[in-house]
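Every chain is numbered from 1, with letters handed out A, B, ... down the list of sequences.
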Amino acid sequence: MLNKNDILSTIEMIDQQHLDIRTITMGISLTDCADASAARACDKIYDKITHYAKDLVSVGEAIEMEFGIPIVNKRISVTPIALVSAASETDSYVPFCKALDRAAKTCGVDYIGGFSALVQKGMTKADEKLIRSIPEALSETDVVCSSVNIGSTKAGINMDAVRLMGHVIRETAERTNGAGCCKLVVFCNAVDDNPFMAGAFHGIGEPEKVINVGVSGPGVVYHALQAVKGAPFDVVAETVKKTAFRITRMGQLVAQEASKRLNTPFGIVDLSLAPTPAVGDSVARILEEMGLETCGTHGTTAALALLNDAVKKGGVMASSSVGGLSGAFIPVSEDEGMIAAAKAGVLTIDKLEAMTCVCSVGLDMIAVPGDTSADTIAAILADEAAIGMVNSKTTAVRVLPAIGKSVGDTVEMGGLMGSAPVMPVHAASSEAFIARGGRIPAPMQSLKN
Amino acid sequence: MNAIVTVIGQNRVGIIAAISTRLAALGVDILDVSQTILNGSFTMVMVVNLEGASASFVEIRDALSDLAAERGLSIRIQRQEIFEAMHTV
C-alpha cells in the first residue's frame, strides 16, 4: 500500500538529496568484429555499436520522464579492444579508438569504455600495441575511455605492464595537458560488468549485449544519517542499509524497464555510492557526519569500512542481480568534501591508499605534481594492485599528473569530473624497484583448490 | 497503468478544482486523493489511472507543467512503480 509520506520522501530524495541513476550502460560484444583488415574491423565495430545502441539515449530519456528519475548518463561499454584488434594487420590501434569515438557520438552517449587490455599474467603483441597506442588514442578522441588490468589474485601482478603503464600515464598527461588521464584507469581484479567510467568494459563471458545500471545517492545517505546523530554504529549501519535498499531498488526498476524497451538482457545493478562535486552529494561528508572532523583523519578507514559494507548489505536485498564495483567510491576531484579535505592537507594519498582497502574503487581522480616520474606513478600502481591482489578485491588507479603544476595548485576538469588539488607524493625514489620487471607472484589464495 | 500526481505549493482557492478539471479533460481517472495544508503550504498526492486517457503520458505531463506554471505550483506525474519499488520489500 502506497503511503503519502513515502511518496513525498522519494520526491525529496530526488529534488533535494541528489538521488539519481548515474548511468545506464549498454555492454556490447565486439568479438565478431575482428578482421584481418583494420579498416574493415573498424567499420564492423562502428556498425554494430550504432545498430545495438541506437535507441539507448531516447529510451533513457523516456524512462527519466515517465518515472521522474534523473538518469544522468547513457553509456556504452565494449569488449576489451585488444581482443578484437588482435587479428588486424596493423601497428597502431588508434583507428579503433577513433571508430569507438565516432560510434559513441552517433549514438549520443556521453562516454564509451573498452579501449582496454587484460594483461594480468602477461602481454600479447596486441595487448602491447594497444597499450602503446593509448596516449595518442586518448589525445585524438573525446569520449573513449581506456583501461588496463595489470594484476589479479590468481595471476599476480605483471610488473612489466606496471612499468609500461607508468610511462603511458605520463605520456598521456603530457599529450593532453592532463585531461586524457581522466579517461584512463589501471586495474587489479577488474570486473567484467562495471557500468561506471572510466573503467567500464564488456568482459569475456558476458552475453552479446547487456544493460547494466549504476545508481548513486551519497546525498540521500548523508541526509538519512542526520536523523541518527550520536547513535551507536549498529544504528548507523542499519540506517545506511535501509537507504541503500531504496536507492538500489530504483536502479533495479530502471534497469528492468530499460532492458524491456531495448530488448536487451538485464545484467546488473551496481549499487555504488558515487559522489559528484555538487554540495550535498559527497561521500566524504557522510564519513564526517559519522563523527570525523575532517575526512582523512584517524577513524576514516573504519567509517568507510562500515559505509561500504552497509551499502552492499542494503543493496543486495534490493536487486535480483548486483555486480560491477558495488561499494563506496572515493574519487577526490569528484567529491566536494574530499576536495576540501585534500586542500586542508588532512586527506593524503597514504590515507587514501588505506581507504582503498575497505571500499570498492581505488586511488581515483587524484592530481599529482606534474613532475612526478613514470617510476613513481608505476610504484603507486603496484601498491594499489598489491592491496587488490592480496585482499581478493578490485582496486584501481586513475591518477592525473598535473603538467606544469605542483602542490598548492588546483586542476580544473569541469562538469562531473570536478577539480582536484595537486597532492604530494613521496620524494624518495622507487626507480630501482620498478626497473626489475617480471611478475610479483600470486599470493597463496590462488591455491585454494 | 497507474501514476502518482504530486502537487506542492502555496495554498490558494481552486487548486484541486483546476487539476481535476484538467485531468478529466484528458480522460485521466482519479482513484485516490490525499491532501494536507501545513502553515499555508499545500501538498496533494493523487493516484490516477491512465488506462482510458485520451492523451499520451507526455501530453498529460506537459498539460500539468503548463498548469503548474500558470498557478505557481510544483506538479509532477510519475509512474507508480517507482514508489512501490522503493518502499515495499
**Student:** Once you round to the nearest 0.5 Å, how far does CD1 of Ile11(A) lie from CD1 of Ile8(B)?
**Tutor:** 5.5 Å

**Student:** Any non-hydrogen side-chain atom of Glu81(B) less than 4.5 Å from a side-chain atom of Glu66(A)?
**Tutor:** no

**Student:** Which bit of Thr248(A) is near chain B, if near means a heavy-atom gap under 4.5 Å: side chain, backbone, both or neither?
**Tutor:** neither

**Student:** Once rounded to the nearest 0.5 Å, what's the spacing between atom NE2 of His87(B) and atom OG of Ser9(A)?
**Tutor:** 4.0 Å

**Student:** Name the member of Gln252(A), Met65(A), Met13(A) that forms the most heavy-atom pairs with chain B at distances under 4.5 Å.
**Tutor:** Met65(A)

**Student:** Starting from the C-alpha separation in whole Å, work towards a yes-or-no answer on side-chain hydrogen bond (donor to acceptor under 3.5 Å, both in side chains) for Thr36(B) and Lys4(A).
**Tutor:** CA-CA 10 Å; Thr36(B) 44; Lys4(A) 192 172 95 173; 3.0 Å; yes

**Student:** Which bit of Asp15(A) is near chain B, if near means a heavy-atom gap under 4.5 Å: side chain, backbone, both or neither?
**Tutor:** side chain

**Student:** OH of Tyr111(A): more than 12 outside heavy atoms within 6.0 angstrom?
**Tutor:** no

**Student:** Donor-acceptor pair, distance only, cut-off 3.5 Å: does the side chain of Arg249(A) make one with the backbone of Phe83(B)?
**Tutor:** no

**Student:** Hey, could you give me the CZ/CD distance between Phe67(A) and Gln78(B), rounded to the nearest 0.5 Å?
**Tutor:** 10.0 Å

**Student:** With a 4.5 angstrom heavy-atom cut-off, could you sort out which part of Ile14(A) is near chain B: side chain, backbone, both or neither?
**Tutor:** side chain

**Student:** Using 0.5 Å steps for rounding, measure from the CG atom of Asn3(A) to the OG atom of Ser34(B).
**Tutor:** 9.0 Å

**Student:** Looking at Ile247(A), Leu253(A), Ile69(A), Ile7(A), which makes the most heavy-atom pairs under 4.5 Å with chain B?
**Tutor:** Ile7(A)

**Student:** Checking heavy atoms, do the side chain of Val89(B), its backbone, both or neither come under 4.5 Å from chain A?
**Tutor:** both

**Student:** Roughly how far, to the nearest 0.5 Å, is CD1 of Ile82(B) from CZ of Arg246(A)?
**Tutor:** 12.5 Å

